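By convention in this document, chain letters (A, B, ...) are assigned in the order of the sequence lines, proteins followed by strands, and residues within each chain are numbered from 1. Source: prediction; values computed, not measured.
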There are 2 protein chains.
Amino acid sequence: MDSKHPAGRLPEPPNPIADDGDEAHFCGTCAFSSACIAAGYNKPELAQLQCLVEHVGPFRAGEHIFRTGDPFRAIFAVRSGTVKTRMVDKEGREQVLGFYLPGEVIGLNAIYPEHFPCDAVALDTSFFCRFSFPAMSALASRIPAVQKHLFRLLSKELGSASLLAGDHSADERMAAFLMDLAGRYAARGFSATRFHLSMSRGDIANYLRLAAETVSRVLSRFRSQNLIRIEGRELELLNPDALRQLGQALLPD
Amino acid sequence: MDSKHPAGRLPEPPNPIADDGDEAHFCGTCAFSSACIAAGYNKPELAQLQCLVEHVGPFRAGEHIFRTGDPFRAIFAVRSGTVKTRMVDKEGREQVLGFYLPGEVIGLNAIYPEHFPCDAVALDTSFFCRFSFPAMSALASRIPAVQKHLFRLLSKELGSASLLAGDHSADERMAAFLMDLAGRYAARGFSATRFHLSMSRGDIANYLRLAAETVSRVLSRFRSQNLIRIEGRELELLNPDALRQLGQALLPD
DNA sequence: CCGGCGGGTTGATCCGGATCAAGGCGGACG
DNA sequence: CGTCCGCCTTGATCCGGATCAACCCGCCGG
């Protein structure tokens with residue numbers, strides 16, 4: 001009963017183009033905002049960006065944005081909500097590849113194989129900007145700022161992939177994970193010390209290559225050391241410096 | 001005493017443009033060959049590709065192609081030899097990020113930070129094609145095939161980064177590692193069943209998040225099971241199917 | 001010639017985290 | 001209402017691979 005569909009209504013309205021003057025609000029947290037701004041809000045190029053963007057959603061928790069094997073046609077920027085990407089091997093074992101917050105982009109790893117190599121599953125009710133990739137490429141050829149932006153997005157993701165590379169203790173990985181999330185929330189203007197974990201302990205464990213029990217134990221220990229306050233999935237970082245210290249081997253710089 | 005510098009001479013000749021008709025031979029195994037061909041050998045665009053390529057080398061085993069923190073100006077395609085990329089944390093611990101064979105490209109993860117986030121170290125005497133990245137970007141804007149190629153390279157590397165993601169046994173990781181190398185050699189026209197491991201057991205161990213002793217033991221076991229023949233760093237795969245089977249959880253498809 | 005050294009192999013021991021097990025909590029639904 | 005089920009927590013036990021240790025080999029430099 002709200003004019004701005006708050007979530008939890010309208011099972012998948014087509015709603016291709018954004019409907020409102022909320023545009024600037026949405027785009028402020030978007031990974032493409034700088035490209036859009038570089039393209040110039042008042043230039044005709046913006047109209048072209050508008051053409052290739054499609055606002056999609058809502059997806060409810062558990063719904064797929066795309067599935068392994070789907071033909072690659074577009075990349076998606078998270079407008080709101082949270083997503084995990086994962087691969088499922090033929091024995092049915094899941095491997096979580098990453099979590100994506102508002103403003104971040106999923107689907108880039110599908111460019112080369114031309115089919116999505118993983119599933120993307122909403123963890124929250126989520127909305128997305130869908131960017132047709134052929135159109136995006138064509139635009140990138142004409143607007144260097146857009147091309148540069150795409151290169152940077154790809155390269156950035158390469159960097160973050162090597163975050164989980166090393167072999168490190170459960171404590172180090174957990175601390176690095178929390179500080180990474182904190183930094184990414186902060187980069188989008190959210191609180192860096194209080195946030196909601198949209199993913200289950202099991203998903204965190206899988207992502208960090210730990211058992212769910214270990215994640216639970218480490219969080220309990222962090223709590224007992226007054227590093228964090230945690231109730232269910234509500235998290236507060238009480239001593240970010242100590243956590244950064246703990247996770248430093250895994251963290252940038 | 002050979003007209004085509006065989007390696008091991010001329011400490012770093014400037015030699016900016018390829019000097020010979022061997023061009024096609026070199027480029028046949030290069031990651032950019034398809035882009036070069038797409039650009040058209042006879043068109044004026046090729047001249048532009050020539051302008052932005054610089055052949056560099058030789059680098060001897062242990063020498064750096066680039067170092068962490070160096071400003072990012074170019075990406076490098078391996079012409080011959082092998083490279084490892086690695087990060088060294090402030091406690092001096094090394095983390096090997098990957099190995100690069102002839103035809104593969106290093107430096108893509110530096111686009112976003114604009115400085116190299118890792119070292120690249122030659123494992124063999126190696127030669128490279130150095131592509132000025134600003135020039136490459138400019139060319140990509142004008143030639144869609146080049147742009148597409150860069151996108152695909154970036155995306156491909158994203159995919160391979162998630163190879164080492166999962167938590168798997170030492171045997172699985174080792175088998176997957178060997179089959180991955182085999183596939184990459186095969187893709188460049190080398191033998192898929194007999195090749196030289198340019199990296200030490202320690203480097204393999206570090207890359208796979210194992211101890212060097214474990215790598216040694218697993219290889220010994222594989223040998224005793226007649227899966228491989230190995231003498232020092234010379235490797236022959238005697239039963240690729242069994243190895244693929246072993247590593248399937250980690251391998252594409 | 002020797003000694004040092006990096007790399008590799010193999011054996012013995014240890015430990016961090018996986019696994020097994022039991023129980024708590026809260027939400028969905030008959 | 002009670003039951004079920006997914007998620008989380010905590011305790012007990014186990015095991016794969018790390019670590020420690022000893023040794024070999026080839027290479028380099030003196």
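Across all strands, A/R173 comes closer than 4.0 Å to no nucleic acid atom at all (heavy-atom distances). Within the 4.0 angstrom heavy-atom criterion, no nucleotide atom of any strand lies near A/L219. Heavy atoms of B/A211 sit under 4.0 angstrom from at least one base atom. A/R221 comes within 4.0 angstrom of no nucleic acid atom, judged by non-hydrogen atoms across all strands.
One can place CD of B/E231 at 14 Å from C1' of C/dG8, the figure rounded to the nearest angstrom. When the P atom of C/dG7 is taken as reference, atom CG of B/L197 falls 15 Å away, rounded to whole Å. The interatomic distance linking B/L235 (CG) with C/dG8 (P) rounds to 14 Å, in whole Å. For B/I230 and C/dG7, the CD1 to P distance is 16 Å, given to the nearest whole Å. The distance between atom CG of B/D203 and atom P of C/dG6, rounded to the nearest whole Å, is 15 Å.
Here the two rings, on B/F195 and B/F190, have centers that are 6.0 Å apart or farther. Taking the six-membered ring for Trp and the full ring otherwise, the centers of A/F59 and A/F128 sit less than 6.0 Å from each other.
Residues A/D167 and A/G232 each lie close to DNA chain D; by heavy-atom proximity, the contact nearer the 5' end of the strand is made by A/G232.
Remark: B/Y185 engages no residue in a side-chain hydrogen bond (donor to acceptor under 3.5 Å, both in side chains) (not counting sequence neighbours). In this view, A/T68 and A/D119 satisfy the side-chain hydrogen bond (donor to acceptor under 3.5 Å, both in side chains) rule, not counting sequence neighbours.
Summarising the geometry of B/V96 relative to B/Y207, their closest heavy-atom pair is O-CD1, 3.6 Å, with the distance given to 0.1 Å.
Shown here is B/R221, whose CZ atom has more than 12 heavy atoms of other residues, nucleotides or ligands within 6.0 Å. Other residues, nucleotides and ligands contribute at most 12 non-hydrogen atoms within 6.0 Å of the CZ atom of A/R73.
First and last contacts of DNA chain D with chain A, using any nucleotide atom under 4.0 Å from a protein heavy atom and ordered 5' to 3', fall at D/dC7 to D/dA12.
An OP1 or OP2 oxygen of C/dT10 is reached within less than 4.0 angstrom by no side-chain nitrogen or oxygen of B/R217.
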